[in-house]
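Heavy atoms only: backbone and side chains are in, while hydrogens, waters and symmetry mates are out.
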Amino acid sequence: MHNESMQNTSWDAIIIGGGSGGLSAALMLVRARRRVLVVDSGASRNRFAAHMHGVIGRDGWSPLDLLATGRTEVQRYGGVVIPTEVVGVERAVERADPGFDVTLGTGERHRARRLLIATGLRDELPDIPGLAEHWGSGVFVCPYCDGWEWRDRRIGVLATGPMSPHQAQLLRQWSPEVTFLTNGAELADDTVAELTARGIVIEPRAVDGTSTDADGRLSGIRLADGDTVAVDVIFLHPRVVPNDALLRGLGADTAPGHGGAPWVEVDETGRTSVPGVWAVGNVVNPSASVPVASGAGNIAGATINADLIEEEIRVAVEETVLTPGG
């Protein structure tokens with residue numbers, strides 16, 4: 001949907017990241033008759049998942065199908081989507097109003113009046129053989145997204161942090177056969193009492209890897225002493241790292257967030273501390289599911305349009321004052 005003539009084009013808004021948050025914002029803006037460019041590298045967080053759940057009207061859809069539909073909708077109103085990455089963003093310092101120069105991986109440069117960054121995050125799994133290979137098929141993070149599909153099955157919960165016992169207690173809602181693997185970590189006495197009270201088995205030995213059946217499906221968790229715990233699925237909390245290099249490069253303020261690490265701060269509309277820059281989705285909210293990110297994009301898109309209108313009012317008034325009776 002783009003060609004060489006679009007190089008050095010100016011846009012009302014450039015949206016970096018074509019996930020549910022970015023596309024939702026783009027849809028709001030193009031329907032407001034704004035000139036919008038979406039730049040998407042195609043590395044959405046949920047690309048490993050075959051289906052998404054808890055999304056009203058789209059339960060069971062492939063997340064990639066949802067994004068493909070969203071791109072079509074944005075393009076229907078004249079929005080442009082370019083499948084590449086952004087390699088640089090700079091403030092357009094010669095302008096009094098917010099403005100940004102965006103360089104793409106293709107070498108193209110574009111000018112934006114406003115920016116929305118929806119670059120998501122990356123999940124860093126424990127360095128245990130087999131977890132990455134089964135990520136999205138036999139290893140998951142969210143009980144609300146995937147618990148139903150594994151109801152009444154043998155569920156293993158691998159301890160990776162302080163919220164892991166809570167994750168095990170959540171999954172007990174979906175199955176009576178839950179094993180909590182501490183991977184050698186010590187548990188507080190009250191945590192042990194709470195887990196055992198609900199029939200959750202505690203496995204204290206160190207984990208060495210996963211095992212598979214003849215068809216390559218996950219079938220168990222291999223322990224360091226050679227024993228295997230039979231499970232059908234593993235849930236865990238990966239370490240989440242926001243893809244916020246562009247936001248940090250622009251000087252966006254941060255505050256301690258998930259895991260105590262610094263996360264870029266935004267207000268309820270997604271506005272950052274940098275004038276003219278918004279951010280939505282997992283890049284600023286690690287808990288944002290598809291509908292949460294979509295809602296944040298919807299609000300951000302409308303707010304960006306209102307912000308542009310305020311600028312246009314100010315410019316129109318200034319021009320009227322300079323040319324009275326014109």
Side-chain angles (χ1 to χ4, degrees), residues 1-2 6 11 13-32 34-87 102 104-106 108 110 112 114-123 135-137 140-142 144-146 149 238 240-244 246-247 270 278-302 304:
M1 292 293 294
H2 75 290
M6 290 185 183
W11 306 87
I14 291 179
I15 296 173
I16 305 172
S20 57
L23 289 174
S24 180
L27 187 59
M28 291 293 287
L29 285 161
V30 292
R31 283 183 50 82
R34 293 297 180 183
R35 302 186 69 250
V36 177
L37 171 65
V38 178
V39 185
D40 181 42
S41 67
S44 62
R45 182 189 187 190
N46 59 7
R47 66 190 183 278
F48 300 100
H51 307 96
M52 59 186 182
H53 297 283
V55 183
I56 191 70
R58 293 294 182 266
D59 187 74
W61 269 43
S62 159
L64 297 182
D65 287 348
L66 178 74
L67 299 184
T69 300
R71 290 191 293 270
T72 298
E73 291 172 344
V74 168
Q75 291 165 339
R76 180 190 306 157
Y77 292 101
V80 175
V81 180
I82 298 180
T84 188
E85 61 182 354
V86 169
V87 297
V102 178
L104 309 187
T106 59
E108 298 176 29
H110 295 265
R114 300 293 185 272
L115 278 183
L116 185 142
I117 296 180
T119 43
L121 60 76
R122 59 188 181 275
D123 295 295
W135 183 239
S137 59
F140 302 95
V141 58
C142 175
Y144 294 102
C145 301
D146 298 290
E149 284 63 43
V240 291
V241 181
N243 298 319
D244 60 1
L246 294 176
L247 287 164
W278 276 253
V280 298
N282 285 150
V283 69
V284 291
N285 180 2
S287 301
S289 60
V290 168
V292 171
S294 295
N298 181 284
I299 294 170
I304 291 170

* **Contact summary for G22 and L116, nearest pair of heavy atoms** => CA-CD2, 4.3 Å
* Minimum heavy-atom separation for A288 to G281, with atom names? -> CB-C, 4.2 Å
* From CE (M52) to CG (L64), nearest 0.5 Å -> 9.5 Å
* To do: Determine whether more than 12 heavy atoms belonging to other residues, nucleotides or ligands lie under 6.0 Å from atom CZ of R35.
  => yes
* Measure the shortest side-chain to side-chain distance between H53 and E149 over non-hydrogen atoms and say whether it is less than 4.5 angstrom. => yes
* Asked: Is the closest side-chain heavy-atom distance between T69 and R58 below 4.5 Å?
  -> no
* To do: For M28 and A302, work out which heavy atoms get closest and say how close.
  => CE-CB, 3.9 Å
* **Any donor-acceptor N/O pair, D40 side chain to G17 backbone, under 3.5 Å** => no
* Do the side chains of P238 and V141 get nearer than 4.5 Å, heavy atoms only? -> yes
* To do: Kindly compute the distance separating CG (L29) from CD1 (I15), expressed to the nearest 0.5 Å.
  => 5.5 Å
* Asked: Can you find a pair of side-chain heavy atoms, one from S287 and one from V292, that are under 4.5 Å apart?
  -> no
* **Which atom of G18 lies closest to which atom of L23, heavy atoms considered** => O-CD1, 3.3 Å
* To do: Kindly give the heavy-atom pair with the smallest separation between A293 and S20, and that separation in Å.
  => CB-OG, 3.5 Å
* Qualifying residue for side chain to side chain contact (heavy atoms under 4.5 Å, CB included) with L104, from I14, I16, I82, V87 -> I82
* Asked: Shortest non-hydrogen contact from W11 to V80?
  -> CH2-CG2, 3.7 Å
* To do: Verify side-chain contact (heavy atoms from CB on, under 4.5 Å) between D123 and W135, making sure each step is shown before the conclusion.
  => CA-CA 10 Å; D123 295 295; W135 183 239; 3.8 Å; yes
* Asked: Do any N or O atoms from the side chain of S24 and from the backbone of G297 form a donor-acceptor pair under 3.5 angstrom?
  -> no
* Asked: Got a sec, which residues hit side-chain hydrogen bond (donor to acceptor under 3.5 Å, both in side chains) with N243, two or more places apart in sequence or on another chain?
  -> R122
* Asked: In Å and rounded to the nearest 0.5 Å, what is the CG to CG distance from N282 to D244?
  -> 12.0 Å
* Asked: Which distance, rounded to the nearest 0.5 Å, do you find between the CD1 of I117 and the CG of L247?
  -> 4.0 Å
* Heavy-atom distance under 4.5 Å between the side chains of V102 and L115, does that happen here? -> yes
* Is there a side-chain contact between I304 and W278, using heavy atoms and a 4.5 Å cut-off? -> yes
* Could you give the distance from OG1 (T72) to CG (L67), rounded to the nearest 0.5 Å? -> 11.0 Å
* **Distance in Å, L27 CG paired with Q75 CD, rounded so as to fall on 0.5 Å steps** => 11.5 Å
